[in-house]
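Have a look at the structure below, then the notes.
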Amino acid sequence: MDRETLKNLSVEELFQVGKESGLDVYSLIDREELIDFLVEQMDLEDQGEPEKNKKRKEKYFSIESGSKGIKLREDFPLPEHYSDTRIVLLIRDPDWAFAYWDIDPKEVKSIAEKVDSPQFLLRVYEIEDGMGDSGEREFYFDIPIQITDYSWYINVPNRGSSYIIDLGYTDGENFVGIATSNRIDTPRGTIASEIDKFWHSDWTDNLIDLAGGNTIVREQRSAMIPRRVTSLAVSHYFYSQDKLE
Amino acid sequence: MKQEAYLMPVFNAHMPFVRSNDALYSTEGNWLFETIAETYLPMLEMFDRLEEENIEFKVTISISPTLLSMIDNDAFIDSFITHMEHKIRLGESEFRRSEGNPSLNKIAGLYLERFKGELEYFKKNCGGRILGRLLELSLKGRIELITSAATYAFLPLLRVTRRGVETQIDVGLDIFEEHIGRKLGKKPTGFWLPECGYSPGLEYYLEDRGIKYSFLDTHGVLFAEKKPKYGIYAPIKAPNGVTFFGRDILSTRDVWSASSGYLNDISYRDSHRDIGFELPSEYLKKFFPERKVSFCTGYKYRSRKEGVEENYYDPEVASRKALEHAENFVYRRINNIEKASEMMDRSPVIVFAYDAELFGHMWYEGIEWMENVFRIFNSRKPGIKFITGEDYLEMYPENQPVLPSYSSWSEAGYSEELLDKENDWIYRHIHKSMERMNELARRYGDARGIIKRALNQAAREALLAQSSDWALMIKTYQNSYIGSRRIKEHLYNFNRLYSSILADRIDEQWLVQLEKSNNIFPKIDYKIFKD
């Protein structure tokens, strides 16, 4: 293998070469950069100029920003995904959570070898309170996803509850999890009914009213749903409800 | 009123990081300078006046670590002075240009005098250091200075790695120590959560670092795990002992509300109509030769009155309104606090918390309004005192032990603005960079030379990418281009540094360029990312 060979490979293949050689290449986004890196790291025969040339400079340094004649780069490519398999769950508001995930391409490949057309799923578990991350998983609903999806807004069924997601696939019969998310505790989004027996007075409700408590509850109830799911919201919502009933 | 009552004004002063070598040229730099000119300096001058006249006041000001680093930096100060000189020259020309139009001429002259006065005040009274004046007021017990997370990251969405949140807090406190703590000889006991962003558990990080109190939006307290006995008229205490004060939503609405908030009054100045966007650029360039795109000059001649030709801003009319609104604000607070007092077995406290930049910069008359508020409180109610969080805890160390609710003061109250279609993509990268920074810190126990410099720069880039400012700019479409460019730039720089460090192949020329431009937190030590 030499530089010329690498030049004929696709970016995906270049990543593959790097990975197989035990190199962390996933933060190198630029094709030329990747080739330079591989040539150098793998001690390959280097024929011809590195492509770190004018063309690249033009691309990155073309737009002049305000600086004192320093031409600042305006184009900052980021990797679309990272190579490790993981799923992260974030709270958006009492009713909506956001999950994003990455799946190691190797893993996708090995799944594809084992299973004919696997259906990827987000299995959303509601967790009994106070049980920690691996707590009692009470019940769940599934959200089918495509291998091309990398994030999803989830309309969680209950406020003031806890959720955890398994990212996985089914072979038609069994669910196989490949990554588990962190746990989230959704906010209750309203004034607690529970009273603290040591910290309570007959005036508590009046004080909360005086502070505008009920108007906040009303305003937040009418808060918007995430913009990305407005078109999908209905199907998401019904899907989860169906499963739960 | 049957007992004393307390008011706790809290101002959150924050600006995102602007490159010092770029400040005179960039839009972000202009924001910083305009905010210094319209908010920070006028606010200090107001405190000076109150102090001189022995008017009772006490305020808590959180200065974010990014802002702190910028206002205490010589390069910024020089650029700020240049910026003010440009403004004054433009003002002189504006004054001449408007000779034929008395109402315009009056305002132009007013601005000119004002900016001249401010530059003078900055140079003479502050000795070129806003911070110096703040420290003096702090030593006099008038201002309680606290700080926030390093780059004003929204902490609830950062909690994927423990060290990520801790680093934001640790670096923030280090910066505070460097610029303020050391000089005052004390550690801060309060901490401002960026955007009041709280999720249960954050209190442990605060508690570990000696923080005794923080602030939440109203529902953080009202929606606590159990009913809060005093509503928001007393703080609550998370189970580990950190006390949280809830901001008074009514004070906020009085000022902000889109329908009836003071700042929407038609007599007030329209802060969006700036000659920087209205006059030919050839004219403006004569005074601001560095600027290439349209920008705010601070010369704004219109009031908020719409649909009329002659809506020139009238400072006297606006002044009267600011007094009227201050009267109204004080009346409503007293009314509220008296009612609360009747229902409580301890003194009620009202926390009114705002972004500092709201006053002067966004709401031009806001500083005058605030000054009126302090003056009126002083003349009206002897039983009402201004206090800080620390003062309160001295009087009432015991507070209701209950866990606050997930909350923030951004629109709708949770993470809606920080996590939506436009900006949700950032978290994958931000979280990854936190993990990678942690990995680097573990792997390179004691780096030296260029590797060490690259690691420290990677730490800066990782922190800069986490600023909630970018996410909010992207979401609200206000400068979304700048927000998205900045976040991508810092993430890109980080990723590239990460792989060059691992490959031991660092482009020194590029590194030097980064060290020069993204030079926030010069003393940062990458090892802080290690758990």
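Throughout, protein chains are lettered first and strands after them, A, B, ... in sequence-line order, and every chain is numbered starting at 1. Just so you know, these numbers use all the heavy atoms, side chains as well, and skip hydrogens, waters and symmetry mates. Please read these numbers as outputs of a predicted model, since none were measured by experiment.
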query: For P200(B), is it the side chain, the backbone, both, or neither that has a heavy atom closer than 4.5 Å to a heavy atom of chain A?
result: neither
task: Could you have a look at D209(A), T186(A), I195(A), D84(A) and say which one has the most heavy-atom pairs with chain B under 4.5 angstrom?
output: D84(A)
task: Go through the atoms of R253(B) and report whether side chain, backbone, both or neither lie under 4.5 Å from a heavy atom of chain A.
output: side chain
query: What part of N399(B) lies closer than 4.5 angstrom to a heavy atom of chain A: side chain, backbone, both or neither?
result: backbone
field: CA sep, side-chain torsions, deciding dist, call: W199(A), I236(B), side chain to side chain contact (heavy atoms under 4.5 Å, CB included)
entry: CA-CA 10 Å; W199(A) 290 85; I236(B) 57 174; over 6 Å; no
message: Exactly one of Y100(A), W101(A), Y82(A) should register a ring-ring contact (aromatic ring centres under 6.0 Å, His included) with H431(B). Which one does?
response: Y100(A)
query: Between S415(B) and L90(A), is any pair of side-chain heavy atoms under 4.5 Å apart?
result: no
task: Name the region of Y233(B), side chain, backbone, both or neither, that has any atom closer than 4.5 Å to a heavy atom of chain A.
output: side chain
message: Give me the atom names and distance for the closest heavy-atom approach of W425(B) to L78(A).
response: CZ3-CD1, 4.0 Å
field: Side chain to side chain, L419(B) and D93(A), heavy atoms closer than 4.5 Å
entry: no
field: R188(A) side chain to A224(B) backbone, donor-acceptor under 3.5 Å
entry: yes
message: Any heavy-atom pair between the side chains of L210(A) and M343(B) that's under 4.5 Å?
response: yes
- request: Check whether any side-chain heavy atom of M344(B) lies under 4.5 Å from a side-chain heavy atom of L207(A), and answer yes or no.
  value: yes
Per-residue contact mode, Y427(B) against chain A (heavy atom under 4.5 angstrom): both
query: For the side chain of R428(B) and the backbone of Y150(A), is there at least one donor-acceptor N/O pair under 3.5 Å apart?
result: yes
field: Which atoms of E435(B) approach chain A - backbone, side chain, both or neither, heavy atom under 4.5 Å
entry: side chain
Contacting region of D102(A) [heavy-atom separation from chain B under 4.5 Å]: both
